[in-house]
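Below: one structure, written as structure tokens.
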There are 2 protein chains.
Amino acid sequence: MEATSPILSRKAQIDQTATALFRRRGYAATSMRELAAALGIEAGSIYSHIKSKEELLHRICFRVADEFMAGLRSATADDTEPAAIHLRRAIDSHVRVLIHDTDASAVFLHEWRHLSEPALSEFVQLQRNYEAAFRDMIARGVADGALRTPDPAFATLTLFASVTWLPNWYRPDGKLGPDQIAERLTNQLFDGLAT
Amino acid sequence: MEATSPILSRKAQIDQTATALFRRRGYAATSMRELAAALGIEAGSIYSHIKSKEELLHRICFRVADEFMAGLRSATADDTEPAAIHLRRAIDSHVRVLIHDTDASAVFLHEWRHLSEPALSEFVQLQRNYEAAFRDMIARGVADGALRTPDPAFATLTLFASVTWLPNWYRPDGKLGPDQIAERLTNQLFDGLAT
DNA sequence: TATGGTTCCTAACGTTCGTTAGCAAGCCAT
DNA sequence: ATGGCTTGCTAACGAACGTTAGGAACCATA
């Protein structure tokens, strides 16, 4: 399978269709028979390609998590830059990951609680690490005078809140493209913090 | 049952426990046996008090929706006031409804999709009406010069986004009380729009 | 053509689900 | 004390679930 080919392997089809269904109906309310029907096969056949329903969820959640962490690392790679620059780039990256694949993002944001241990704890820890990185950036920016907020934790929470609903309303065919969305939100979120 | 009594009727206990469980585990992933266990009774006994699982969800969703609509009506009752004042008050009301009962709010925000028709369509229509009211207020504020945004629809979406995640992190025992949260968020959201 | 691997269908499994019906126990009013 | 109502238990129902195992069909390769 070539990366540029529009023809997906059966496994990729399963992943993609599951992502869309999990997003629309929720993981728990999506049955494997429903997923199979959407793929034009029978439920039992899915197990030729995957081990379990949860494997699908696991893959979606940890793939998106990896993207977030990679974006954060990239945004903050240069230690010589001030925290405010890092923050701005991290917000931009965060927004872009969210709108890159809104189905997967929505599943990532809402369905992780259906993971079993030990994946669940692992996932929660990743979440916390990611949030802590933003909180640190904000606090550093405040400390060096480039940012202002009475409460870095509060600012971090409202920052994430502002974009978390994004997959629910962003439409790739909307009148705003990814660059415009990313820019608008980044500006709006950053402006609320800049001195 | 007196309104001031801390002792809840069995039905109120069911409602409350269901709200908490639906919020934590999701509607679809919460079984009636689980709900019964949390109440210290057997699943079959719940049906002495309710007709169906969905009745619980319906009640939660439409109760919160009523609260939102009531707050909006109250915030915008005086026609002689400018749109910006209405908007500010409507945001404040919106935030207060959300934090008044975070379990019910979270269920309201995320679990409505499990409603059956015709309740589902009815609910979606309520959502749309509520959002449209905010969009109108913003547009009116822009028209009379008190507010600025290049796009009232975008502003409405980001406004709702900013507060929608609130039930996930607000804690009644946190260091910020309802008034402070409402004020901070209202200020922050309003400041992003005020000229 | 024969063989091996992959994919799918099918029937079925064991489990869980929301719910019902019948009965017993408890409570309250007369 | 009696009767009626409410509440809860229990067993069971029919349906749906995630998954397995066996076999058939298909495809690629020698």
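The shortest non-hydrogen separation linking B:Val97 to B:Ser105 is O-OG, 3.4 Å. The two residues A:Arg23 and A:Ala106 make their nearest non-hydrogen contact at CG-CB, 3.5 Å. For the pair A:Arg89 and A:Glu81, the tightest heavy-atom approach, listed with the atom from each and the gap, is NH2-OE1, 2.5 Å.
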Throw together a table of side-chain donor-acceptor distances under 3.5 angstrom for residues 131-139 of chain A, partners on residues two or more places apart or in other chains.
none

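Applying the side chain to side chain donor-acceptor pair (under 3.5 Å) test between B:Asp15 and each of B:Arg63, B:Arg59, B:His49 identifies B:Arg59 as the sole match. When each of A:Phe108, A:Phe62, A:Tyr27, A:Trp112 is checked for a side chain to side chain contact (heavy atoms under 4.5 Å, CB included) with A:Leu57, only A:Tyr27 meets the rule.
In this structure, B:Ser31 reaches the C:dC17 phosphate: one of its side-chain N or O atoms is under 4.0 Å from OP1 or OP2. Distances shown here put every side-chain N or O of B:Arg10 at or beyond 4.0 Å from the OP1 or OP2 atom of D:dT6.
When side chains are defined from C-beta on, A:Ile41 counts as touching A:Arg10, because their heavy atoms get closer than 4.5 Å.
Remark: B:Asp92 CG to B:Arg88 CZ distance equals 8.0 Å, nearest 0.5 Å.
The overall bend of the helix from C:dT1-D:dA30 to C:dT30-D:dA1, read as the angle between its terminal helix axes built from five base pairs each, is 10° when rounded to 10 degrees.
Taking atom NZ on A:Lys53 and atom P on D:dT20, their separation rounds to 14 Å, with Å as the unit.
The stretch residues 32-49 of chain B touches DNA chain D through B:Arg33, B:Ile41, B:Glu42, B:Gly44, B:Ser45, B:Ser48, B:His49, each having a heavy atom within less than 4.0 Å of the strand.
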